[in-house]
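Worksheet for the structure shown next.
Everything numeric here is computed off the predicted structure, so don't read it as measured data. Residues take their numbers from the sequence shown, with the count starting at 1.
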Amino acid sequence: MEVLKKLSKRIVLLIIVILLTAGSSAMAASPRVAFGGTIDIGSDERVLGDVVIFGGEVFVRGIVDGDVVAVGSRAQVEGSITGDLVIVGGRGRLEPGSQIKGDVTIVQGQFNRSPEASVLGSINQVSAAHIRHVRIPFTVFPRHTDLYFNVFSFFFILFVMILISYFFPGSVKGIASTLKDEWGVSLLIGAAAALLFIPLMLLLAITIVGIPLAILLPVFYWITLLFGQAGIFLILGQWVRKVIRLPGEKVISTTILGVLMFYLARIIIRVIPLIGDPIIAMLLILIYLSALGGVLRSRFGTCKPWLNRQ
């Protein structure tokens, strides 16, 4: 079941690639494609076709008979979109009375939705930290959606960590060693890499050659974070083994132990009144940034130079 859910998320990413590729290939024929600037669709206006914007703003006050794709841009919807809304590295907002008849997909971005806005499809958020399904409409048990997501998130991360530690044990050990020896440097590198994400997306998106790289950049960040988390879980598992004097040094079993300890700590911290969630948020930011920096610093645990040098 977890494998099928993972594949469904990969399908979401594939759909994004198809949408962006289709939008870029149709630029000559579409009157609503822009690099920078603003696309403003008035309340009495109807667009027949897709709307694609790179590094700008799009306001949908009327009707779009197609998809709206915003890369490194801000999208505000007050009217209606008959297709999907896709936001990559940007911000999206659905105002009261707006309607999306398709799906909403956000890749490494922010999304706000008014309670009076209508989304007939699903809302999917894909980040460098993890993949999250924000809302499932018409669910049989709507009150337990958060519980289902937390359980799915745990098994998904556990499954991915098992794969990474099994196929790349040397890389995981190299990343963990870098994080232990140079945690501060890794944190600074991770923060710089996170700040450079949107500018890199914009720089790549303004050229035809760079558009495919702009599409793949969020995937690269996501994979980098997963490898970094594996290194952090290995460190945590090693600490647990040392405290309880548990024998064994295998990377895969120690990483699994670290995952279990991490989620147990999250549950304990979350129940602290008022300050539980803020503490978790701060810890996650530190973990994700240091994980990202640790992977880049160690070159995915290989400790080899990025470029061949004598």
Side-chain angles (χ1 to χ4, degrees), residues 12-127 132-139 142 145 197-199 201-206 208 211 214-215 218:
V12 171
L13 288 175
L14 180 60
I15 291 173
I16 296 171
V17 172
I18 293 174
L19 286 174
L20 292 176
T21 305
S24 61
S25 63
M27 286 181 184
S30 174
R32 295 295 181 178
V33 177
F35 291 89
T38 300
I39 296 179
D40 193 346
I41 301 171
S43 58
D44 57 347
E45 190 176 358
R46 186 172 195 138
V47 176
L48 301 178
D50 298 333
V51 175
V52 182
I53 185 166
F54 296 87
E57 293 181 316
V58 56
F59 297 93
V60 180
R61 313 180 201 276
I63 300 175
V64 175
D65 284 330
D67 302 323
V68 174
V69 180
V71 180
S73 306
R74 174 172 171 258
Q76 180 172 316
V77 182
E78 302 175 13
S80 175
I81 299 174
T82 62
D84 299 331
L85 173 62
V86 180
I87 300 171
V88 181
R91 294 179 297 165
R93 177 170 178 79
L94 301 185
E95 298 291 348
S98 61
Q99 183 183 63
I100 309 294
K101 294 185 178 180
D103 299 330
V104 175
T105 303
I106 306 97
V107 180
Q108 194 64 25
Q110 299 178 0
F111 178 69
N112 294 308
R113 173 192 173 192
S114 169
E116 290 78 22
S118 173
V119 178
L120 301 184
S122 61
I123 301 178
N124 304 282
Q125 185 163 334
V126 184
S127 70
R132 179 172 183 178
H133 193 82
V134 178
R135 177 177 176 270
I136 306 175
F138 313 118
T139 179
T145 302
F197 176 79
I198 297 300
M201 288 278 294
L202 296 178
L203 288 173
L204 293 173
I206 61 177
I208 301 235
I211 289 175
I215 297 171

query = Is there a side-chain contact between Arg113 and Ile123, using heavy atoms and a 4.5 Å cut-off?
reply = yes
task = Kindly give the heavy-atom pair with the smallest separation between Asp40 and Glu45, and that separation in Å.
result = O-OE1, 3.8 Å
task = Please identify each residue that fulfils side-chain contact (heavy atoms from CB on, under 4.5 Å) with Ile63, with sequence neighbours left out.
result = Arg46, Asp65, Ser80
inquiry  = Using 0.5 Å steps for rounding, measure from the CD1 atom of Ile41 to the CD atom of Glu78.
reply    = 11.5 Å
ask   = Could you walk me through whether Val119 and Leu94 pass the side-chain contact (heavy atoms from CB on, under 4.5 Å) check?
value = CA-CA 9 Å; Val119 178; Leu94 301 185; 3.6 Å; yes
inquiry  = Is it the case that the side chain of Ser114 and the backbone of Glu116 share a donor-acceptor pair, with hydrogens and angles ignored and the cut-off at 3.5 Å?
reply    = yes
ask   = With respect to Ile100, which candidate in Val77, Thr82, Val68, Leu120 satisfies the side-chain contact (heavy atoms from CB on, under 4.5 Å) definition?
value = Val77
key: From Asp84, Asp67, Val86, residue fulfilling side-chain contact (heavy atoms from CB on, under 4.5 Å) relative to Asp50   = Asp67
task = Check the pair Ser122 / Asn124 against side chain to side chain donor-acceptor pair (under 3.5 Å), numbers first and verdict last.
result = CA-CA 6 Å; Ser122 61; Asn124 304 282; 3.1 Å; yes
Point-to-point distance, once rounded to the nearest 0.5 Å, from CD1 of Ile53 to CD1 of Ile39 = 4.5 Å
message = Please enumerate all residues that pass salt bridge (charged side-chain N to carboxylate O under 4.0 Å, His left out) together with Arg91, with sequence neighbours excluded.
response = none
task = Answer yes or no: is there a side-chain heavy-atom contact under 4.5 Å between Val51 and Val60?
result = no
